[in-house]
**Q** 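Supplied in structure tokens, the structure appears directly below.
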Amino acid sequence: EPAAGLHSQPELLEVLMDAIGPDTELHDRLTLFLAEARYKASNVRGATNDYERLLKQEPHRITVRIEALRALGQIHFRKADYQRALDYFVKAAEISSGHPTDWTLSQIEQARVHLRLGEPKLAGDALARAAESLDYEDRRTATLHLLERANLARLTSKFAEARQLYRQAR
């Protein structure tokens, strides 16, 4: 029990959210924190309501929407409501195209659900998509690193080295 005059973490977050007002990115983030705090305090219903309310309000950042969808998927997965969990993970993947890590995690989460539903082929397909995405990101990161090195070589007048690095990056 909090000391007199002090609030629990969820109460404190609600006070902050009221002070900030709705329709801001900070409000969206605080709603995520509030939902997480409620979930950690075993208030699954409160957390679920916070995530669903956040999705209805069309959060300012797509990453907030993705986090809320994935969190709802995880809540339903833990409740063994696998079809509903899968629906949330699929929605998260659909809007995660510009966020490769979130997309990959959504694929992995879909694979977990498919395994629980007794669908090993679909689980394997989801894991294959996740692995392909990780491989693509590794290649993309390596290419960006080569381009940075090439630009540095060019800026320091090491043109032969820069040319070689640009070729490797192609």
Side-chain angles (χ1 to χ4, degrees), residues 1-138 140-141:
E1 185 71 27
L6 297 179
H7 298 282
S8 68
Q9 187 179 20
E11 291 171 330
L12 195 56
L13 287 168
E14 286 177 338
V15 168
L16 280 171
M17 290 167 56
D18 288 343
I20 292 166
D23 297 327
T24 65
E25 183 180 334
L26 182 55
H27 189 274
D28 294 346
R29 282 275 161 210
L30 288 174
T31 302
L32 280 177
F33 290 136
L34 176 61
E36 290 170 18
R38 285 192 169 131
Y39 187 79
K40 287 177 183 173
S42 299
N43 182 353
V44 176
R45 182 184 303 272
T48 301
N49 290 340
D50 289 336
Y51 288 125
E52 288 175 348
R53 185 183 39 178
L54 182 60
L55 291 173
K56 286 178 186 166
Q57 294 172 350
E58 291 293 320
H60 289 79
R61 293 182 53 99
I62 192 73
T63 54
V64 170
R65 188 168 187 75
I66 294 166
E67 286 180 53
L69 287 167
R70 289 187 50 234
L72 284 166
Q74 291 164 3
I75 288 171
H76 289 288
F77 183 86
R78 289 184 186 110
K79 291 171 30 179
D81 186 354
Y82 299 123
Q83 190 56 55
R84 196 142 180 224
L86 183 61
D87 293 342
Y88 281 113
F89 295 141
V90 167
K91 286 178 190 173
E94 287 172 353
I95 65 170
S96 296
S97 62
H99 306 274
T101 301
D102 290 315
W103 186 87
T104 301
L105 290 171
S106 295
Q107 295 300 316
I108 292 168
E109 290 162 331
Q110 288 177 53
R112 288 178 51 216
V113 173
H114 286 302
L115 285 174
R116 291 293 172 104
L117 291 172
E119 302 168 338
K121 167 82 171 90
L122 294 174
D125 292 346
L127 286 175
R129 289 190 300 271
E132 184 178 308
S133 174
L134 290 172
D135 185 48
Y136 169 79
E137 281 305 304
D138 286 346
R140 183 175 171 270
T141 301

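In this text the structure is predicted, and so the values were computed from the model without any measurement.
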**Q** Between R29 and T63, do the side chains contain a donor N or O and an acceptor N or O under 3.5 Å apart?
**A**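 Judged by distance alone, the side chains do pair up.
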
**Q** If I take atom CD from residue Q83 and atom CZ from residue R116, how far apart are they, to the nearest 0.5 angstrom?
**A**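 It comes to 15.0 Å.
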
**Q** Can you check salt bridge (Lys or Arg N to Asp or Glu O under 4.0 Å) on D87 and R84, steps first, answer last?
**A** CA-CA 5 Å; D87 293 342; R84 196 142 180 224; over 6 Å; no

**Q** In Å, rounded to the nearest 0.5 Å, how long is the span from NZ of K79 to OG1 of T48?
**A**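 One finds 5.0 Å between NZ of K79 and OG1 of T48.
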
**Q** Using a 4.5 Å cut-off on heavy atoms from C-beta on, say whether the side chain of L32 contacts that of Y51.
**A**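 Counting from C-beta outward, Y51 and L32 do come under 4.5 Å.
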
**Q** Is Q74 close to F89 at the side-chain level, that is, under 4.5 Å between some pair of heavy atoms?
**A**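 Sidechains of Q74 and F89: in contact.
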
**Q** Rounded to the nearest 0.5 Å, how far apart are CD of E67 and CG of D102?
**A**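 Taking CD in E67 and CG in D102, the distance rounds to 7.0 Å.
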
**Q** Starting at NZ of K91, measure out to OG of S106 and round the result to the nearest 0.5 Å.
**A**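 Here the interatomic distance stands at 13.0 Å.
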
**Q** What heavy-atom pair brings R65 and L55 nearest, and what distance separates the two atoms?
**A**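 Looks like NH1-O, 3.1 Å.
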
**Q** Mind listing the closest non-hydrogen atom pair of P120 and L115 along with its distance?
**A**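 Nearest heavy atoms, P120 then L115: CA-CD2, 4.3 Å.
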
**Q** Test salt bridge (Lys or Arg N to Asp or Glu O under 4.0 Å) on R38 and D50 and set out the steps.
**A** CA-CA 9 Å; R38 285 192 169 131; D50 289 336; 2.6 Å; yes

**Q** Answer yes or no: are there more than 12 heavy-atom neighbours, outside K40 itself, under 6.0 Å from its atom NZ?
**A**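 No, the 6.0 Å shell around NZ holds no more than 12 heavy atoms from other groups.
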
**Q** Decide yes or no on salt bridge (Lys or Arg N to Asp or Glu O under 4.0 Å) for K121 and D125, but give the supporting numbers first.
**A** CA-CA 6 Å; K121 167 82 171 90; D125 292 346; 3.0 Å; yes

**Q** Is any side-chain heavy atom of I66 closer than 4.5 Å to a side-chain heavy atom of H99?
**A**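 Heavy-atom side-chain distance check passes, below 4.5 Å.
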
**Q** Should Y88 and I75 count as side-chain neighbours, where that means a heavy-atom distance under 4.5 Å?
**A**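 When only atoms from C-beta onward are counted, I75 and Y88 do not touch, as no gap falls below 4.5 Å.
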
**Q** Between CG of L122 and CG of L117, what distance do you get to the nearest 0.5 Å?
**A**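 So the CG of L122 and the CG of L117 are separated by 9.0 Å.
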
**Q** In Å and rounded to the nearest 0.5 Å, what is the CZ to CZ distance from F77 to R112?
**A**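 It is 4.0 Å, given to the nearest 0.5 Å.
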
**Q** If you look at every heavy atom in A130 and Q107, which pair is closest and at what distance?
**A**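 So the minimum-distance heavy-atom pair works out to CB-CB, 3.9 Å.
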
**Q** Do W103 and R129 make a side-chain contact, defined as non-hydrogen atoms from C-beta onward lying under 4.5 Å apart?
**A**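 W103 vs R129: side chains touch.
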
**Q** Where do A35 and A47 come nearest, in terms of heavy atoms and distance?
**A**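 Nearest pair, atom of A35 first, then A47: O-CB, 3.3 Å.
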
